[in-house]
Amino acid sequence: MKIVQVDIRPEHLGRRSKLDLAVWGDVRETLRALNTRVKAKTDRRFLDRMLKKHADALEGVVKAYTRKVEKHTPIHPEYVAAVLDELADEDAVFTVDTGMCNVWAARYLSPNGKRRIIGSFSHGSMANALPQAIGAQFTDRGRQVVSMSGDGGFSMLMGDFLTLVQYDLPVKVVLFNNSSLGMVELEMLVSGLPSYGTTNKNPDFAAIARAAGAYGVRVEKPKQLTAALKDAFKHKGPALVDVVTDPNALSIPPRISAEMVTGFALSASKIVLDGGVGRMIQMARSNLRNVPRP
């Protein structure tokens, strides 16, 4: 596979993947120039083969995290995102918190030309999903708006939830509650550092939502998830679904570098030597059992 990246910002070229060709320029103008050199083809065999290969790869990843889910507690966040994708409206607006919610949204929400995904992709700032959902819902009260919030981000701007109640905005907050700053912890691990200061002591967020006058439900078992999301989506006002997810679920990148492996091995060794054998075993169980299999 060859990768070509076109970007008006040269510093972004090759930022995420090793490139075969880097083009510094505007995407629209580049495509216009290429169109004159491309001829329409009548044979779809190659296209159909690649589309099937891509679809099989996506389905394999989803199935890896959804088989025998009734036995997987805490709930895998990938499963939450997959179910959310199935139940949300075709033209839903999703706002996603910085961190792991970005990853789950990118991997599991199906783009269809009608949906919209809004995040803090350029700034990397926390707690963006709920305020963005408020703005989106004010713009169109009749459109489904779903805030994919992390527990860290939601806690930072939890007062904004009262805005939903105050103005009766029917935003649906799906809270990925893993009691940790997951992305920060992962970054520390691959850098060779044991995680520190990344765990949260969380309250029952659903109880807080109900106390504020909104719909709130807490989900701790996978078999409760579908019904909880359906009920929240049917509710006419603001709703919060507090899903307790696995803090050991890692966002495994599509390509793993030697530096990542070395850093992770170093941090794992430090954790084990410090008496954290049980934690490393649990992390392995949470992820290895769900590695996609042919």
Side-chain angles (χ1 to χ4, degrees), residues 1-65 78 81-82 84-86 88-125 128-129 132-133 135-136 139-140 143-146 148 183 186-187 190 251-261 291-292 294:
M1 181 180 69
K2 295 185 181 298
I3 299 177
V4 178
Q5 181 180 349
V6 183
D7 207 306
I8 58 173
R9 297 182 179 181
E11 67 272 16
H12 287 180
L13 293 169
R15 191 178 184 183
R16 303 298 183 195
S17 302
K18 185 178 179 180
L19 305 180
D20 294 283
L21 178 63
V23 179
W24 178 18
D26 181 80
V27 173
R28 179 182 295 177
E29 295 304 319
T30 301
L31 292 178
R32 281 177 177 171
L34 285 174
N35 277 341
T36 61
R37 298 174 176 268
V38 176
K39 294 181 180 179
K41 296 180 176 62
T42 57
D43 188 345
R44 288 180 51 94
R45 285 179 294 179
F46 175 78
L47 175 61
D48 291 338
R49 189 166 69 250
M50 292 299 102
L51 288 173
K52 184 179 184 304
K53 184 177 180 180
H54 182 64
D56 290 344
L58 289 177
E59 290 175 3
V61 171
V62 172
K63 289 178 181 177
Y65 291 98
E78 298 91 341
L84 178 60
D85 178 56
E86 293 176 4
D89 290 349
E90 289 189 357
D91 64 343
V93 177
F94 297 92
T95 61
V96 297
D97 259 340
T98 297
M100 302 300 268
C101 285
N102 272 197
V103 178
W104 311 140
R107 292 183 179 179
Y108 293 94
L109 294 184
S110 301
N112 58 9
K114 298 178 183 179
R115 287 177 168 177
R116 180 83 182 272
I117 299 179
I118 303 172
S120 182
F121 308 121
S122 297
H123 302 288
S125 56
N128 60 282
Q132 288 175 332
T139 303
D140 187 349
R143 191 171 180 180
Q144 186 182 73
V145 177
V146 180
M148 294 177 63
M183 185 64 75
L186 182 59
E187 289 173 346
V190 297
S251 168
I252 300 175
R255 293 183 181 179
I256 301 175
S257 66
E259 290 80 6
M260 292 179 183
V261 174
V291 172

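To the nearest 0.5 Å, atoms CZ (R37) and CG (N35) are separated by 11.5 Å. To the nearest 0.5 Å, atom CG of residue L21 and atom CD1 of residue I3 are 11.5 Å apart. The line from CG of N102 to CE of M100 is 10.5 Å long, rounded to the nearest 0.5 Å. For the atom pair CG of L34 and CZ of R32, the computed distance is 12.5 Å after rounding to the nearest 0.5 Å. Here NZ of K2 is found 11.0 Å from NZ of K18. Values are rounded to the nearest 0.5 Å.
In this structure a side-chain-to-backbone donor-acceptor pair under 3.5 Å is present from D97 to A129. A donor-acceptor pair under 3.5 Å is formed between the side chain of N128 and the backbone N or O of V96. Proximity of a side-chain donor or acceptor of Q144 to a complementary backbone N or O of D89 within less than 3.5 Å is detected. A distance-only check finds a donor-acceptor pair linking the side chain of T139 to the backbone of G135 [under 3.5 Å]. A donor-acceptor contact shorter than 3.5 Å is absent between the side chain of D20 and the backbone of V4.
Scored by the side chain to side chain contact (heavy atoms under 4.5 Å, CB included) test, D7 finds Q5, R9, H12, L13 as partners (sequence neighbours excluded). Partners of R116 under the side chain to side chain contact (heavy atoms under 4.5 Å, CB included) rule, at least two apart in sequence or in another chain, are V93, I118, R143.
We find that D85 and R115 are joined by a salt bridge, their nearest charged nitrogen and carboxylate oxygen being less than 4.0 Å apart. Between K41 and D43 no salt bridge is recorded (no basic side-chain N to carboxylate O distance below 4.0 Å).
In this structure, the side chains of L84 and W104 stay at 4.5 Å or more apart for every pair of heavy atoms.
Residue L19 comes nearest to G14 through the heavy atom pair CD1-N, 3.2 Å, listed as atom of the first residue, atom of the second, then distance. Summarising the geometry of T30 relative to V6, their closest heavy-atom pair is OG1-CG1, 3.6 Å, with the distance given to 0.1 Å. Taking every heavy atom of both residues into account, S120 and Q132 meet most closely at N-NE2, 4.1 Å.
Atom CD of E90 has 12 or fewer heavy atoms from other residues, nucleotides or ligands within 6.0 Å.
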